[in-house]
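All remarks here apply to the structure that follows.
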Amino acid sequence: MLFYDSPNPAPNPRRVRIFAAEKGVELPSKEVSIPQREQKAPEYLAKNPRGQTPILELDDGTVIAESVAIMRYLEAEHPEPPLFGTGPVEIAQIEMWCRRVEMILMPPVAQVWVHTHPFTAALPGRNAEWGEANRPRVAEALRFFDASLAESEYLAGDSYTAADILLLTTVDFASFIGLDTTDGLENLSRWHKLVSSRESAAA
């Protein structure tokens, strides 16, 4: 098994590292440099035609791409502690919150990153006006999650789950690209301090 990783600030590989750390699973890894465009090299594209990290290559040559899919694989192989829930309702609620992070917060953060940040200046098709237009959408999404955390310690309830991992890595990436994240958002700030204090957050 080999995990094709990219270092911070890349949020998706970090998701898997945090997840594996929570499980106590050591992932043999190989670093793929995004700034050097190693994820677009022919040998990497042969493994993942999308040209993105991370991927997990199993011993039999099977390649699992997409961070949540890798997390699901690790959950099935190492069910304790259960980070995607147990029982129909808990599993569905955690999935709901994972989807909300990916549909509500991640897209506008990605648009600001791709279209306005200096690190992506060489990408074709940049539209600074569109990138700037997404900043209010990021703020709106963060307010949504702040309100959602008003009645629970963690995003999907009283336990730390995969949903918290997705939100943490997205919020931290938003902060890296210069977006205001927890300022003035009491519940989100409280939650962020809580999940950032976990040993796995340093992964």
Side-chain angles (χ1 to χ4, degrees), residues 1-34 37-111 113-114 141 145 154-157 159-174 176 195 198 200-203:
M1 182 169 66
L2 186 62
F3 179 59
Y4 289 78
D5 193 8
S6 294
N8 291 335
N12 291 342
R14 186 182 176 215
R15 289 177 173 183
V16 178
R17 295 197 304 272
I18 292 175
F19 192 88
E22 288 285 339
K23 294 283 186 179
V25 175
E26 291 189 18
L27 291 177
S29 63
K30 178 179 180 180
E31 185 171 308
V32 179
S33 173
I34 293 175
R37 306 282 286 171
E38 290 179 352
Q39 80 279 15
K40 303 299 183 182
E43 59 270 24
Y44 189 85
L45 291 174
K47 299 179 185 297
N48 182 13
R50 292 196 69 209
Q52 296 179 343
T53 60
I55 60 173
L56 182 67
E57 186 173 19
L58 306 183
D59 292 341
D60 66 358
T62 299
V63 173
I64 303 171
E66 311 303 335
S67 58
V68 175
I70 297 171
M71 292 160 66
R72 288 284 190 181
Y73 172 81
L74 295 175
E75 177 92 345
E77 287 287 314
H78 307 275
E80 297 296 330
L83 296 177
F84 280 103
T86 58
V89 173
E90 188 179 41
I91 289 171
Q93 288 178 331
I94 293 169
E95 180 68 19
M96 174 183 75
W97 284 108
C98 287
R99 295 289 291 158
R100 284 176 169 176
V101 173
E102 294 199 300
M103 293 189 296
I104 297 172
L105 181 58
M106 287 189 66
V109 169
Q111 296 308 312
W113 162 248
V114 168
F145 287 105
Y154 297 99
L155 185 56
S159 300
Y160 180 88
T161 71
D164 296 292
I165 296 174
L166 267 63
L167 185 58
L168 173 64
T169 52
T170 307
V171 167
D172 284 351
F173 183 69
F176 167 79
V195 295
R198 298 177 76 91
S200 64

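Heads up: numbering here begins at 1 and tracks the sequence.
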Task: Closest contact, heavy atoms only, L105 versus V171 - done: CD2-CG2, 4.2 Å

Task: Pairwise side-chain contact, L166 with M71, heavy-atom cut-off 4.5 Å (strictly under) - done: yes

- [ ] Supply the atom-to-atom distance M106 CE to L167 CG, rounded to the nearest 0.5 angstrom.
- [x] 11.0 Å

- [ ] Report yes if some heavy atom in the side chain of D5 is under 4.5 Å from a heavy atom in the side chain of V16; otherwise report no.
- [x] no

Task: Side chain proximity check, P11 to T170, heavy atoms < 4.5 angstrom - done: no

Task: Nearest non-hydrogen partners of M103 and P107, listed with the distance - done: O-CG, 3.5 Å

- [ ] Enumerate the residue pairs fulfilling salt bridge (Lys or Arg N to Asp or Glu O under 4.0 Å) with a member in residues 58-71, sequence neighbours excluded, ordered by first and then second residue.
- [x] R50-E66

Task: Derivation and outcome, salt bridge (Lys or Arg N to Asp or Glu O under 4.0 Å), residues E43 and K30 - done: CA-CA 14 Å; E43 59 270 24; K30 178 179 180 180; over 6 Å; no

Open item on the list: Tell me whether E77 contacts the main-chain N or O of Y73 through its side chain, where contact means a donor paired with an acceptor under 3.5 Å.
Closed with: no

- [ ] Nearest 0.5 Å please: distance from the CD1 atom of I55 over to the CG atom of L2.
- [x] 8.0 Å

TODO: For the pair F19 and F84, name the ring-plane relationship: parallel under 30°, tilted 30 to 60°, perpendicular over 60°.
DONE: tilted

Open item on the list: Which label fits F176 and W113: parallel for a plane angle under 30°, tilted from 30 to 60°, or perpendicular past 60°?
Closed with: tilted

Open item on the list: If you define the side chain from C-beta out and look only at heavy atoms, does anything of P54 sit under 4.5 Å from I70?
Closed with: yes

Task: Exercise: do E57 and Y4 side chains pair donor with acceptor under 3.5 Å - done: yes

Open item on the list: Measuring only between side-chain heavy atoms, which start at C-beta, is S6 closer than 4.5 Å to V32?
Closed with: yes

- [ ] State, with a plain yes or no, whether a side-chain heavy atom of R37 is found less than 4.5 Å away from one of Q39.
- [x] yes

Open item on the list: Suppose we screen for salt bridge (charged side-chain N to carboxylate O under 4.0 Å, His left out). Which residues come up paired with E75, at least two apart in sequence or across chains?
Closed with: K23

TODO: To the nearest 0.5 angstrom, please state how far the OG atom of S29 sits from the CE atom of M1.
DONE: 10.5 Å

- [ ] Measure the CD-CD1 distance between Q93 and I91 for me, rounded to the nearest 0.5 Å.
- [x] 11.0 Å

Open item on the list: Quick check for you: to the nearest 0.5 Å, what is the distance between R17 atom CZ and I165 atom CD1?
Closed with: 12.0 Å

TODO: For the residue pair L83 and E22, establish whether any side-chain heavy-atom pair is separated by less than 4.5 Å.
DONE: yes

- [ ] Work out which heavy atom in V101 is nearest to a heavy atom in A163; give both atom names and the distance.
- [x] CG2-O, 4.3 Å

- [ ] Looking only at non-hydrogen atoms, find the nearest pair between V195 and A201 and report the distance.
- [x] O-CB, 3.7 Å

Task: Distance in Å, I18 CD1 paired with T169 OG1, rounded so as to fall on 0.5 Å steps - done: 6.0 Å

- [ ] Might you work through the side-chain contact (heavy atoms from CB on, under 4.5 Å) test for E102 and R99, ending with a clear yes or no?
- [x] CA-CA 5 Å; E102 294 199 300; R99 295 289 291 158; 4.2 Å; yes

Task: Closest non-hydrogen atom pair between E38 and Y44, with its separation - done: O-CB, 3.6 Å

- [ ] Kindly indicate whether the side chain of E80, heavy atoms from C-beta on, has any atom under 4.5 Å from the side chain of P82.
- [x] yes

TODO: Search all heavy atoms of D164 against all heavy atoms of L155 and return the closest pair with its distance.
DONE: OD1-N, 2.9 Å

Open item on the list: For F145, give me all partners under ring pair (Phe, Tyr, Trp, His ring centres under 6.0 Å), at least two apart in sequence or on another chain.
Closed with: none

